[in-house]
Amino acid sequence: MSEKTVLVGQSGGPTAAINASLAGVVAAARSVGARVTGMRYGIQGFLAGRTVDLDEVLPDARSLSLLKQTPASWLGSCRFKLPQPAENEPFYQDLFRRFAEAGADCVLYIGGNDSMDTIAKLGDYGRSVGSEIRFIGIPKTIDNDLVGTDHTPGFGSAARLVATSTAELALDADVYDLKSVTFVEIMGRDAGWLAASSALANPDLVLLPEVPLVEDVLMERLAGLLKSKNTVVVGVSEGVRTPDGRLYAELAAPGAGVDEFGHLATLSGTGRYLASVTKERLGCKTRAVELSTLQRCASQVVSRTDLNEAYMLGGTSTRAALDGETVKMCALERVADDPYEVRTKLIDVLSVANQVRHVPAEWITEDGMGVTEELLRYVRPLVGDMPEQLPPLP
């Protein structure tokens, strides 16, 4: 039997755990004598002929260990939307010719929703032409918005950074004896999982994309809170929308363009907009803090659970592909919360692509500005123990 080759790429926004999945791919392939070729800058880089021999650049256990704990996408990433096969079959014929030239027996793609769309299209086309190449998606996204899996690698580490940062910002905002409102802006275009995780730090309000935000209602809540305390902290998702569906980020930065997948290219400014309105209407000190890119690449507060599960998914996906599975995504299924336990499963990637998993309505408080204990039970094992702090003085 000839030596098999695994072709692997990373796509979309990076995370603190995405390279752990890559390390799992390499380790699993190596354990059965398969070779691993990496796509530089995802499928877009592969189309430009950019690959790297991962057996050569990751020669030993130490290099794999370092890769596992290195944040961001080590191979490089892209945001590249594949056309529909029926609309551009020559594109797929060329791409599959390149797969054959690379000797690929299977193609693994580590990414989020758009990346699963890529695997779905490749796998579906491969089936239609009788290709023996296997296609498996390995989930990652800090947004935690992939359907079919309990959670996604990358989310736990980002949630840990969000929660610890929110707690630290609350302490910082409380050092002066004056009325203030701090908006902590948190990533999450369509789903509020990451903003919801700020509730681990006990902010006063949590604003999610799942619930339209009425400015007047928010101002009433903030005014009421400021009557009884000096410092108010609000965790707010960058994807919060007005009742008519418009992003508050668009109000802060009108005219922003869109990316390859039709998403707003500059999705930030929600916190700045709300801070400005609050200052004008309530006359108190306000501050907007964007956690920004650190949410997806900060390794100083990485979740150990996150790294281990990302590594496990990389290995399981590789073994499944080499065993003949295709057009699947390797997902996580939660067995128990306490003690926390998960197992892996394979699901049809066609059922995942272009779907969004929202925070369940029953995990959001009735006023739409907070989350329930059930959500906190869900997220705690993924984040790990929070740093202990003294409570504020009365």
Side-chain angles (χ1 to χ4, degrees), residues 3-43 45-46 50-78 104-112 115 119 134-142 149 151-158 160 296-323 329-332 342-344 346 382 384:
E3 184 179 55
K4 291 192 173 182
T5 296
V6 175
L7 181 64
V8 60
Q10 298 171 315
S11 181
T15 78
I18 188 171
N19 289 326
S21 289
L22 180 60
V25 169
V26 176
R30 194 167 286 170
S31 71
V32 295
R35 296 195 60 78
V36 187
T37 299
M39 304 181 196
R40 292 289 280 126
Y41 307 105
I43 198 76
F46 178 74
R50 304 188 68 176
T51 61
V52 58
D53 184 339
L54 292 181
D55 295 299
E56 181 178 316
V57 297
L58 299 168
D60 51 30
R62 182 175 182 275
S63 60
L64 281 184
S65 178
L66 289 174
L67 176 64
K68 183 178 179 181
Q69 59 189 305
T70 298
S73 303
W74 195 64
L75 285 175
S77 187
C78 70
D105 294 281
C106 54
V107 177
L108 307 177
Y109 216 37
I110 311 170
S115 302
I119 284 292
R134 305 303 176 186
F135 297 90
I136 300 286
I138 305 174
K140 72 87 210 168
T141 172
I142 65 170
T149 184
H151 57 279
T152 52
F155 168 65
S157 294
R160 184 172 175 80
R296 67 188 199 188
C297 68
S299 61
Q300 69 268 26
V301 289
V302 71
S303 161
R304 187 56 50 183
T305 297
D306 207 12
L307 290 186
N308 290 340
E309 290 179 349
Y311 184 85
M312 175 176 66
L313 283 172
T316 302
S317 299
T318 303
R319 289 187 288 272
L322 291 172
D323 286 343
M329 183 185 85
C330 193
L332 292 167
V342 294
R343 60 190 171 206
T344 60
L346 293 174
L382 314 182

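Residues Arg30 and Val36 form no side-chain contact, since every pair of their non-hydrogen atoms from C-beta on lies 4.5 Å or further apart. Within the 4.5 Å cutoff, side-chain heavy atoms of Lys68 are placed close to those of Leu307. Contact annotation: the side chain of Trp74 approaches that of Leu54 to within less than 4.5 Å [non-hydrogen atoms, C-beta and beyond]. In this structure, the side chains of Val25 and Ser317 stay at 4.5 Å or more apart for every pair of heavy atoms. Between Gln69 and Ser299, the closest side-chain pair of non-hydrogen atoms is not below 4.5 Å.
To the nearest 0.5 Å, the span separating OG1 on Thr316 from CZ on Arg343 amounts to 13.5 Å. Put simply, OH on Tyr41 and OG1 on Thr51 are 13.0 Å apart, with the number rounded to the nearest 0.5 Å. Residue Ile136 holds its CD1 atom at 7.0 Å from CG of Leu108, rounded to the nearest 0.5 Å. With values rounded to the nearest 0.5 angstrom, Arg160 atom CZ is found 10.5 Å from Arg304 atom CZ. Interatomic distance, Met312 CE to Thr305 OG1, rounded to the nearest 0.5 Å: 10.0 Å. Taken to the nearest 0.5 Å, the OG1 atom of Thr141 stands 13.5 Å off from the CD1 atom of Ile110.
At distances below 3.5 Å, at least one donor-acceptor pair connects side-chain atoms of Asp306 with backbone N or O atoms of Ser157. Although no hydrogens or angles enter the test, the distance criterion places no donor-acceptor pair under 3.5 Å between the side chain of Lys4 and the main chain of Gly33. With hydrogens and angles ignored, the 3.5 Å screen pairs a side-chain donor or acceptor of Ser11 with a backbone N or O of Cys78. Checking side-chain atoms of Ser303 against main-chain N and O of Leu382 turns up a donor-acceptor pair under 3.5 Å. Judged purely by atom type and a 3.5 angstrom limit, Ser65 has no side-chain atom pairing as donor or acceptor with the backbone of Arg62.
Ion pair Asp323/Arg134 not flagged as a salt bridge, since none of the NZ, NE, NH1 or NH2 atoms sits closer than 4.0 Å to an Asp/Glu carboxylate oxygen.
Surrounding CD of Gln300 are more than 12 heavy atoms belonging to other residues, nucleotides or ligands, all under 6.0 Å away.
Checking Asp60 against Ser63 by side-chain atom types alone, a donor-acceptor pair falls below 3.5 Å.
For the side chain to side chain donor-acceptor pair (under 3.5 Å) condition, the pairs that include at least one residue of residues 12-26, sequence neighbours left out, are Gln10-Asn19.
Taking every heavy atom of both residues into account, Leu322 and Ala34 meet most closely at CD1-CB, 4.2 Å. Residue Ala104 comes nearest to Leu7 through the heavy atom pair CB-CB, 4.0 Å, listed as atom of the first residue, atom of the second, then distance. The minimum heavy-atom distance linking Arg35 with Asp55 is given by the pair CA-OD2, 3.3 Å. Closest heavy-atom contact between Ile142 and Gly154: CG2-O, 3.5 Å.
Screening Leu313, Ile138, Ile18 for a side chain to side chain contact (heavy atoms under 4.5 Å, CB included) with Pro153, the sole residue that qualifies is Leu313.
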Evaluate the criterion side chain to side chain contact (heavy atoms under 4.5 Å, CB included) for residue pair Leu332 and Thr344; output intermediate values, then yes/no.
CA-CA 5 Å; Leu332 292 167; Thr344 60; 4.2 Å; yes

Run Met39 and Val107 through side chain to side chain contact (heavy atoms under 4.5 Å, CB included) and show every step you take.
CA-CA 10 Å; Met39 304 181 196; Val107 177; 3.7 Å; yes

